Amino acid sequence: MPIIDCKTGKVRKDYTVEELMEKAREMRAYAMIALTAASSGHTGGTLSIMDIAAALYLKKIRHDPKNPEWEDRDRVFWSTGHKAPALYIALAEAGYFPIEEVVKLRKLWSGFEGHPNRLKLPGVELSAGSLGQGLGVAIGCALNAKLEEKDYRVYCINGDGELDEGSVWESIMCAAHYKLDNLVSIVDRNGLQIDGPTEKVMGLETLVDKWESFGWNTIEVDGHNIGEILNALDEAEKVKGKPTVIIARTVKGKGVSYAENVVGYHGIAPKDGRSGKESLNKALEDIGDPKFTKEKVDKLLKIADDYQKGVDKQIESLMPRFSRNYWWNSTDTMKVKMDATRNGFGRAIEKLGDDKRVVALGADITDSIRMSRFYANHPERKNRFFSMGIAEANMTLVASGLAKEKKIPFIGSYGVFVTGRNWDQLRTTVCYNNFNIKVADAHGGISVGKDGATHQALEEITNLCYLPNIHMTVPCDSVETEKATRAIASIDGPCVVRYAREATPVVTTKDTPYKFGLANVIRYRGERENFIQAFEVKLSPDYESENEDLSIIACGPMVPEAMRAAYILKEEYGIETRIINVHTVKPIDKEAIIRAAEETGIIITAEEHQVGGFGNIVAGVIAKGKRYATPLLMDMIGVEDKFGESGAPWELMKVFGLTAEHIAKRAKKLYDRKK
């Protein structure tokens with residue numbers, strides 16, 4: 001069924017197989033332009049799924065772009081949300097919005113987020129990005145069609161690496177049990193995932209036999225032969241009494257020579273930008289669509305560039321203003337180095353590998369979170385590294401078994417997955433048993449930026465800190481992350497280290513005092529050439545009150561922002577600030593917090609997290625421990641009860657009000673109230 005007018009039943013647009021092949025080529029060109037304009041994204045899977053996307057949206061499914069919510073439309077769920085560019089371009093080609101808009105991919109407020117958001121774009125059926133969930137939702141829609149006696153069909157696009165997830169197999173079993181013959185899963189079998197070939201990460205074959213054993217009708221096709229794809233979709237429609245899976249054999253990075261079958265191009269845009277051996281120009285040359293002239297490409301990239309300039313202007317209008325610019329490295333003084341906090345974890349895990357008891361478990365993202373440093377220069381440690389694939393729940397349980405046998409397992413992934421998907425396993429198996437497991441809560445907060453809300457961990461301080469037996473550290477920079485990781489390795493019991501992905505200011509040194517469980521008190525001493533030199537740091541028990549005007553209590557990447565806020569407050573208003581770096585959130589340094597409340601009378605908490613996750617813990621300490629001989633004013637800085645979105649990390653820091661400028665503004669308001 002081609003694209004139709006749902007009110008009249010008339011055909012809006014139909015394509016021949018030859019025209020679809022041409023469209024798929026055009027779609028690949030748009031994808032490479034959009035990825036280049038974004039400077040990030042998932043090239044490999046976007047290109048491997050493109051022929052299937054063209055066949056579905058331009059020929060097979062019954063839908064009306066003029067009425068995206070038409071009740072009788074066919075539904076397509078993208079469980080592999082990272083292939084979002086292919087979805088956006090297919091929707092645009094079908095007529096949901098102008099095709100030129102897709103070059104705004106991954107840009108703030110554009111709607112074309114790093115992973116699909118159904119609340120932002122018409123035609124998107126499911127906000128997705130956390131692998132393993134789409135097929136279950138598709139089953140619910142297919143069941144509804146049966147209940148309501150509707151004849152719409154439901155399709156779900158799954159990745160092969162995604163099949164590591166146990167939740168997928170629960171859904172596979174469920175769909176067969178209910179004989180959902182109106183449901184089709186299309187598996188993009190390109191053979192690669194982040195950590196390498198699927199069969200090396202976590203063996204899947206024989207895939208056809210597995211699906212058949214679960215009661216599914218199986219069809220194998222060449223995922224780049226549109227005729228075969230359409231025939232398979234037609235064949236699936238004739239099957240009665242069981243769901244169908246189409247296993248589409250594809251090439252990751254299809255159509256772009258330097259990306260084809262290259263693991264590294266799973267999650268990056270063209271390395272060389274516009275021109276070079278691995279560039280947009282080379283990709284367009286490979287794709288070979290004559291419509292994409294230099295003039296056309298220039299025009300499309302200008303749309304993206306002009307949009308970004310508008311975003312930049314709007315963001316800056318939201319920033320509090322002071323007598324001068326205090327932004328990082330914007331002047332000749334107060335210079336600071338930047339380094340990704342994940343590098344600190346990498347340095348620590350490499351050293352900890354010398355202990356034969358330490359083992360490492362990966363969840364298909366080992367290099368990104370720096371877990372790979374455990375074995376990268378130490379091939380003899382390979383037998384102590386275990387790839388779990390995309391299966392955080394199983395990884396946690398396997399680690400529990402190893403811990404029971406006196407090993408010290410480190411597990412890790414994106415924070416939102418390694419602390420969220422397997423929270424029950426962490427609660428019941430790890431914490432209840434008090435197993436000695438160490439969790440690398442990587443890419444915490446909004447540091448993953450353009451990947452968007454599904455990958456931004458903003459809830460795990462709350463989720464984890466209320467678990468008995470857990471220890472949690474949220475270090476402020478890469479140097480402190482290394483110290484914190486080594487510290488938790490020596491603690492007997494469950495421990496979590498939460499760290500960011502992108503580069504953040506380095507505000508500590510190897511000589512900065514550090515003790516797990518004790519906060520650091522930081523004081524601004526005057527403008528210096530280097531930012532670190534402008535501050536004095538002491539362990540909280542060693543600090544004596546200087547009768548400061550207020551206290552900022554912070555954790556993680558908000559500590560550098562708190563320090564910069566203290567700098568602003570002193571230089572602009574002469575306000576003295578006590579900064580408390582609570583790098584250990586559990587057990588928390590209660591005495592340091594209570595003293596700050598009693599001695600300064602103003603407390604502001606700062607967290608790169610849903611507001612109150614950290615702040616309410618601090619408030620609880622104060623409420624329970626403060627003697628209340630003096631009044632107290634308190635405020636909390638954090639993400640205000642909302643999900644994240646796609647944008648550069650520093651853009652999001654500004655938009656969510658997490659920068660020093662915002663902290664200083666709020667602090668001044670409280671200070672004025674006190675006076």
Side-chain angles (χ1 to χ4, degrees), residues 328 336-355 358 360-363 365-378 381 385 408 410-415 418-419 438-449 457 460-461 471-491 495-520 522 530-532 535 537 539 554-563 581-585 607-609 649 653:
W328 297 109
V336 67
K337 294 180 179 178
M338 299 281 180
D339 187 33
T341 52
R342 56 180 169 165
N343 291 335
F345 175 81
R347 292 191 293 269
I349 197 69
E350 181 174 11
K351 295 171 184 174
L352 289 168
D354 291 338
D355 186 335
V358 174
L361 283 71
I365 191 170
T366 53
D367 189 56
S368 182
I369 72 170
R370 300 300 187 253
M371 185 76 82
S372 59
R373 301 286 177 86
F374 177 79
Y375 59 82
N377 298 316
H378 306 276
R381 296 180 189 168
F385 171 78
I408 305 174
F410 275 77
I411 66 174
S413 184
Y414 278 89
V418 78
T419 69
K438 316 305 172 188
V439 181
D441 174 7
H443 303 351
I446 54 177
S447 66
V448 293
E460 73 274 43
I461 291 177
H471 306 75
M472 187 172 197
T473 177
V474 186
C476 69
D477 63 12
S478 62
V479 176
E480 197 168 75
T481 300
E482 181 175 357
K483 294 177 182 178
T485 303
R486 298 183 73 176
I488 65 172
S490 63
I491 294 171
C495 298
V496 180
V497 54
R498 183 187 197 246
Y499 57 93
R501 175 176 176 171
E502 298 303 323
T504 56
V506 178
V507 295
T508 67
T509 71
K510 63 181 179 62
D511 297 321
T512 301
Y514 177 91
K515 187 173 181 180
F516 187 87
L518 288 181
N520 283 353
I522 307 170
N530 295 315
F531 189 84
I532 291 178
F535 295 86
V537 184
L539 290 175
C555 65
M558 294 304 288
V559 171
E561 294 302 321
M563 294 168 70
N581 172 13
V582 183
H583 50 69
T584 307
V585 179
E607 57 193 305
E608 188 197 15
H609 189 271
M653 288 287 287

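This one's a predicted model, so the numbers in the text were calculated from it and none came from an experiment. Note: hydrogens, waters and symmetry copies are ignored here, and every other heavy atom, side chains too, is used.
The pair K351-E482 counts as a salt bridge, with a side-chain nitrogen and a carboxylate oxygen less than 4.0 angstrom apart.
Using a 4.5 Å cut-off on side-chain heavy atoms (C-beta onward), F531 and P560 make no contact. When side chains are defined from C-beta on, V358 counts as touching F374, because their heavy atoms get closer than 4.5 Å. Side-chain atoms of R501 and P649, non-hydrogen and from C-beta on, never get closer than 4.5 Å to each other. Counting only heavy atoms from C-beta outward, the side chains of S413 and M371 never approach each other to under 4.5 Å. Residues D441 and M472 meet the side-chain proximity criterion, which asks for heavy atoms closer than 4.5 Å. Residues I408 and L352 have side chains not in contact (no heavy-atom distance under 4.5 Å, counting atoms from C-beta outward). Taking 4.5 Å as the limit, every side-chain heavy atom of T512 sits out of range of all side-chain heavy atoms of V479. Counting heavy atoms from C-beta on, the side chains of M338 and E502 never come closer than 4.5 Å.
Ring-plane geometry between Y499 and F345 is classed as parallel, the angle between the planes falling under 30 degrees on a 0 to 90 degree scale with a further cut at 60.
Under the rule for a side chain to side chain donor-acceptor pair (under 3.5 Å), T485 has no partner lying at least two apart in sequence or in another chain. Residues satisfying the side-chain contact (heavy atoms from CB on, under 4.5 Å) test with S490, not counting sequence neighbours, are none.
A side-chain donor from one of D477 and T508 sits under 3.5 Å from a side-chain acceptor of the other.
Side chain of H378 to main chain of G353: no donor-acceptor pair is present (N/O by atom type, distance under 3.5 Å, no hydrogens or angles). Under the 3.5 Å distance criterion, the side-chain polar atoms of K483 are left unmatched by any main-chain donor or acceptor of F516. In this structure, R381 contributes its side chain and E350 its backbone to a donor-acceptor pair below 3.5 Å. H609 contributes a side-chain N or O that, together with a main-chain N or O of E460, makes up a donor-acceptor pair within less than 3.5 Å.
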Q: Verify side-chain contact (heavy atoms from CB on, under 4.5 Å) between V559 and I522, making sure each step is shown before the conclusion.
A: CA-CA 10 Å; V559 171; I522 307 170; 4.1 Å; yes

Q | Intermediate values then yes/no, side-chain contact (heavy atoms from CB on, under 4.5 Å), N520 and L539 | A | CA-CA 5 Å; N520 283 353; L539 290 175; 3.3 Å; yes

Q: Please report the C-alpha distance between R370 and I349 in whole Å, then the side-chain angles of each, then the deciding distance to 0.1 Å, and finally whether the side-chain contact (heavy atoms from CB on, under 4.5 Å) criterion is met.
A: CA-CA 8 Å; R370 300 300 187 253; I349 197 69; 5.9 Å; no

Q.
Test side-chain contact (heavy atoms from CB on, under 4.5 Å) on I365 and H443; report intermediate values, then the result.
A. CA-CA 11 Å; I365 191 170; H443 303 351; 4.3 Å; yes

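The neighbour count for R486 CZ, taken as heavy atoms of other residues, nucleotides or ligands under 6.0 Å away, does not exceed 12.
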